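The first residue of the sequence shown is numbered 1, and numbering continues consecutively from there. Only this structure's heavy atoms are used, side chains among them; waters, hydrogens and symmetry mates stay out. No experiment lies behind these values; they were computed from the predicted model shown.
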Amino acid sequence: MEVNLEIIGCGDAFGSGGNHYTCFYVSSGALRLLIDCGATSGPALKKSHVDIATLDYVLISHLHGDHFGGLPFLLLDSLQTPRLKPLYIIGPPGIKERTQQLFDLLYPGSARNLDSSQFIYTAYTTAQALITDHFTLKAFSVVHTEQAMPHGLRFQLRDKVISYSGDTSWCDNLINLAKDADLFICECTFFNLVVKGHLNYHTMMQHRGELQCKKLLLTHFDQEMLDATDQVELPCAHDGMKLII
């Protein structure tokens, strides 16, 4: 069965180039899920005509606003369009507490109106794979702000594997994430700039031969990288891009 992926948002933390924050929509058969859910994901999903109430899972790579800040709005949306099935929110340790804290900050007093049975939180670990009824998820530690609990995610649905770096500097776990993946979505925030916690294009090209994936897609560009895309030899994500895997 085909796995479809749509880039709902591929921007960096500053929305460079007008791109929405990170959010990838995956659909296959009746399954609907998101990989990351940045703060702009709600309106961006609706612009792409994705019915938020039909989502089954949200997978979160780390706890920065441009990657998980859209979760409170998904919860809030359930007050307008009641869910017919639970939403499973899978993220690093602390995902439930941090999401609930953020919801309370943004919409104080509204939590009592939510049907909490419709939102089921699960924390992954790097120690073992997380097996659901629909897919297997493996999490790998990466190098980013430690307090945000950064991870790369490797998601296997039937015979297809999608991997995602999250936000990270170069580390050997990127090799593990990419190995034999049908699609490896890898952050490449900068072109020349060297910034701790992120990759640049020159570092990516130095290590390209180590990433043994079937398809590599770069994402999470700042303005410097956007201005240099005519010099980039690798495929680049853009909002609205659709792939069949």
In the structure I gave you, are the side-chain heavy atoms of [X] and [Y] within less than 4.5 Å of one another anywhere?
| X | Y | result |
| --- | --- | --- |
| Asp180 | Val161 | no |
| Asp36 | Ile60 | yes |
| Leu59 | Val26 | no |
| Leu216 | Cys186 | yes |
| Ile185 | Leu183 | yes |
| Phe221 | Cys10 | no |

Heavy-atom closest pair, residues [X] and [Y]:
| X | Y | answer |
| --- | --- | --- |
| Leu75 | Leu114 | O-CD2, 3.3 Å |
| Leu199 | Glu187 | N-OE1, 2.9 Å |
| Pro86 | Ser117 | CB-O, 4.3 Å |
| Gln118 | Leu84 | OE1-C, 4.3 Å |
| Asp167 | His67 | OD2-NE2, 3.1 Å |
| Val58 | Cys37 | CG1-CB, 4.0 Å |

Problem set entry | Residue list, salt bridge (charged side-chain N to carboxylate O under 4.0 Å, His left out) with Asp182, at least two apart or on another chain | Lys214

Problem set entry | Listed partners of Asp77 passing salt bridge (charged side-chain N to carboxylate O under 4.0 Å, His left out), at least two apart | Lys46

Short question: side chain of [X], backbone of [Y] - any donor-acceptor pair under 3.5 Å?
| X | Y | answer |
| --- | --- | --- |
| Thr54 | Asp51 | yes |
| Thr40 | Tyr21 | yes |
| Asp222 | Met225 | yes |

Problem set entry | Qualifying residues under side-chain hydrogen bond (donor to acceptor under 3.5 Å, both in side chains), relative to Tyr25, sequence neighbours excluded | Arg32

For this session: Just jot down the side-chain hydrogen bond (donor to acceptor under 3.5 Å, both in side chains) partners of Ser48, sequence neighbours excluded, or say none.
Result: Glu6

Exercise. Among Asp12, Thr189, Asn19, Thr22, whose side-chain hydrogen bond (donor to acceptor under 3.5 Å, both in side chains) with His220 holds?
Worked result: Thr189

For this session: Answer yes or no: does atom NZ of Lys85 have more than 12 heavy-atom neighbours from other residues, nucleotides or ligands under 6.0 Å?
Result: yes

About how many Å separate [atom2] of [Y] and [atom1] of [X], when rounded to the nearest 0.5 Å?
| X | Y | atom1 | atom2 | result |
| --- | --- | --- | --- | --- |
| Cys188 | Leu234 | SG | CG | 8.0 Å |
| Met241 | Thr219 | CE | OG1 | 9.0 Å |
| Asp66 | Ser41 | CG | OG | 10.0 Å |
| Ser116 | Lys96 | OG | NZ | 7.5 Å |
| Phe184 | Ile175 | CZ | CD1 | 10.0 Å |

For this session: For Leu211 and Met204, run side-chain contact (heavy atoms from CB on, under 4.5 Å): C-alpha distance rounded to whole Å, both residues' side-chain angles, the deciding distance at 0.1 Å, then the answer.
Result: CA-CA 9 Å; Leu211 302 177; Met204 174 62 66; 3.7 Å; yes

For this session: Step by step, work out the side-chain contact (heavy atoms from CB on, under 4.5 Å) result for Glu2 and Asn4.
Result: CA-CA 6 Å; Glu2 289 182 348; Asn4 299 285; 4.2 Å; yes

For this session: Return each pair, listed once, that meets ring-ring contact (aromatic ring centres under 6.0 Å, His included) where at least one residue sits in residues 150-169; pairs must be two or more places apart or across chains.
Result: Phe24-Tyr164, Tyr124-His151, Phe135-Phe155

For this session: Would you please test Ile8 and His20 for side-chain contact (heavy atoms from CB on, under 4.5 Å) and show each step?
Result: CA-CA 7 Å; Ile8 302 298; His20 290 290; 5.7 Å; no

Exercise. Taking atom types as modelled, is there a side-chain donor on Asn200 or Thr203 under 3.5 Å from an acceptor on the other?
Worked result: yes

Problem set entry | Distance-only donor-acceptor check, side chains Asp227 and Gln223, under 3.5 Å | yes

For this session: Decide yes or no on side-chain contact (heavy atoms from CB on, under 4.5 Å) for His134 and Tyr57, but give the supporting numbers first.
Result: CA-CA 10 Å; His134 300 92; Tyr57 297 89; 2.9 Å; yes

Exercise. Using the ring of each side chain (for Trp, its six-membered ring), is Phe191 parallel, tilted or perpendicular to Tyr201, with breaks at 30° and 60°?
Worked result: parallel

Exercise. Do you reckon Leu226 sits in the same ILVMFWY cluster as Met205, going by side-chain contacts under 4.5 Å, direct or chained?
Worked result: yes

Show every donor-acceptor pair shorter than 3.5 Å between a side-chain atom in residues 139-149 and any protein atom, with sequence neighbours excluded, or say none if there are none.
| from | atom 1 | to | atom 2 | distance (Å) |
| --- | --- | --- | --- | --- |
| His144 | ND1 | Gly197 | O | 2.9 |
| His144 | NE2 | His64 | ND1 | 3.3 |

